[in-house]
There are 2 protein chains.
Amino acid sequence: MTENSRHLQRFQDFLTKKSLRLTSPRRAILEAVHGHESHYTAEELLSLARSIDDSVSRATVYRTLPILQECDIVREIDVGKDFKYYATNRSEDNFQAQVVCVDCDNIFEIDAPFMDWYAKTAAERLGLEVDSQRIQVNAHCTRLRTGQTCEHKAAKTSESLLHSTISTHN
Amino acid sequence: MTENSRHLQRFQDFLTKKSLRLTSPRRAILEAVHGHESHYTAEELLSLARSIDDSVSRATVYRTLPILQECDIVREIDVGKDFKYYATNRSEDNFQAQVVCVDCDNIFEIDAPFMDWYAKTAAERLGLEVDSQRIQVNAHCTRLRTGQTCEHKAAKTSESLLHSTISTHN
DNA sequence: GTGCTTGCAAAGACTTTGCAAACTT
DNA sequence: AAGTTTGCAAAGTCTTTGCAAGCAC
């Protein structure tokens, strides 16, 4: 069973449970969500969804994203810009930190397994219960800073590093 | 030497260095920055600044905040809402994580000393150089969830916890 | 059929910016 | 005097919302 069909299944179940309907725009948006490799904006999702069903409107994308987040199919990533990024939840995902290159806007994700423990401890000290958590590191391209600005290409070649795991426990 | 005067000194030096001017609105805003206890919005800063010099305009607040951030007098805290919070840098501050109560919007800060190490390690793996970092934990009020919603009052009484330190190294 | 959905365009919320007048050095 | 800064209001940017027509079930 592919991830796509697993997500479709989950989406349908969720919609049914809430007496919502599986419409053609929603289907196109779900497909678009799988068409994106990494992080995308609402606008990018709209473009791709429109290439699948050109009647999809911006409003529907914005109305569907919260549903996809509730289904745990998509997650929102706010890196402090004036718009948000979204990413599709792949099955093997652990909690991850975002490393954002401020020169080229690339977003890398790196496992940060200690975060679950930290968040829980921090919240408990305040008598709270963890809802969600987030780590973000903003960084510059050391090597490329001197030459032309940090390039997206450079970032792409680092993709093998994306699944590195960093833990504070050694 | 108080923190206020240290900040004023730093502000003046910075302005001079950049051939900028110490004007009355800027002075009022700097004062307002010290009048706030914890986290404040641009709008709240504007109100307080206006109570000191009622001619201060919203535009000037927005234009002055970036300068204060460059001087390291104020820091920006983006908790993913559609507006930003600001906090005055007090001398004893270490790197801190934000714990945001999603019920009452209170923001607590807790030391997270391991973050420097983590950010550096994560960035290095990608060939980047750390610029800034951020940890945020969103949480609910466990105890108060059942009764009336989590109250701001309740948060205030936890203030003694604000300076707790949590480290992953035990 | 019932009532959830959609697209469109207008509205919203916060922040930024153009401009002429006012002010700091 | 020279050049920065200000307040005002308009512009901007992303996101949300009202509404009548259109669909899914």
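The structure presented is a predicted model; accordingly, all values stated were derived computationally and were not measured. Reminder, nothing fancy here: chain letters follow the sequence lines and each chain counts from 1.
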### Query
Can we call the ring centroids of F114(B) and F114(A) under 6.0 Å apart?
yes
### Query
If each of K84(B) and S24(B) is mapped to the nucleotide of DNA chain C with the nearest heavy atom, which maps nearer the 5' terminus, i.e. the 5' end?
K84(B)
### Message
Assess whether a salt bridge exists between E109(B) and R75(B), defined as any Lys/Arg side-chain N lying under 4.0 Å from an Asp/Glu carboxylate O.
### Response
yes
### Message
Would you say R21(B) places a side-chain N or O within less than 4.0 Å of OP1 or OP2 belonging to dG3(D)?
### Response
no
### Length of the CZ-P vector between R58(B) and dT16(C), whole Å
13 Å
### Task
Determine whether H140(A) and L128(B) make a side-chain contact, defined as any pair of heavy atoms from C-beta on separated by less than 4.5 Å.
no
### Query
Any ion pair linking K120(A) and E129(A) (charged N to carboxylate O, less than 4.0 Å)?
no
#### Entry: Separation of dC14(D) P from L45(A) CG (nearest whole Å)
15 Å
### Task
Examine dT16(D): is either OP1 or OP2 under 4.0 Å from a nitrogen or oxygen in the side chain of Y62(A)? Give yes or no.
no
### Query
Roughly how many Å is it from CG in L22(B) to C1' in dT25(C), rounded to a whole number?
12 Å
### Query
R63(B) near the nucleic acid: base, sugar-phosphate alone, or nothing, with a heavy-atom cut-off under 4.0 Å?
base
### Task
Taking only the side-chain heavy atoms of T23(A) (C-beta and beyond), determine which of dT6(C), dG7(C), dT15(C) contains the nearest atom.
dT6(C)
### Query
So which nucleotide from dC14(D), dG7(C), dT5(D) ends up closest to the side chain of L20(B)?
dT5(D)
### Query
In whole Å, what is the span from the CZ atom of R50(B) to the P atom of dT6(D)?
13 Å
### Query
Using a cut-off of less than 4.0 Å, is there contact between a side-chain N or O of T60(A) and OP1 or OP2 of dT5(C)?
no
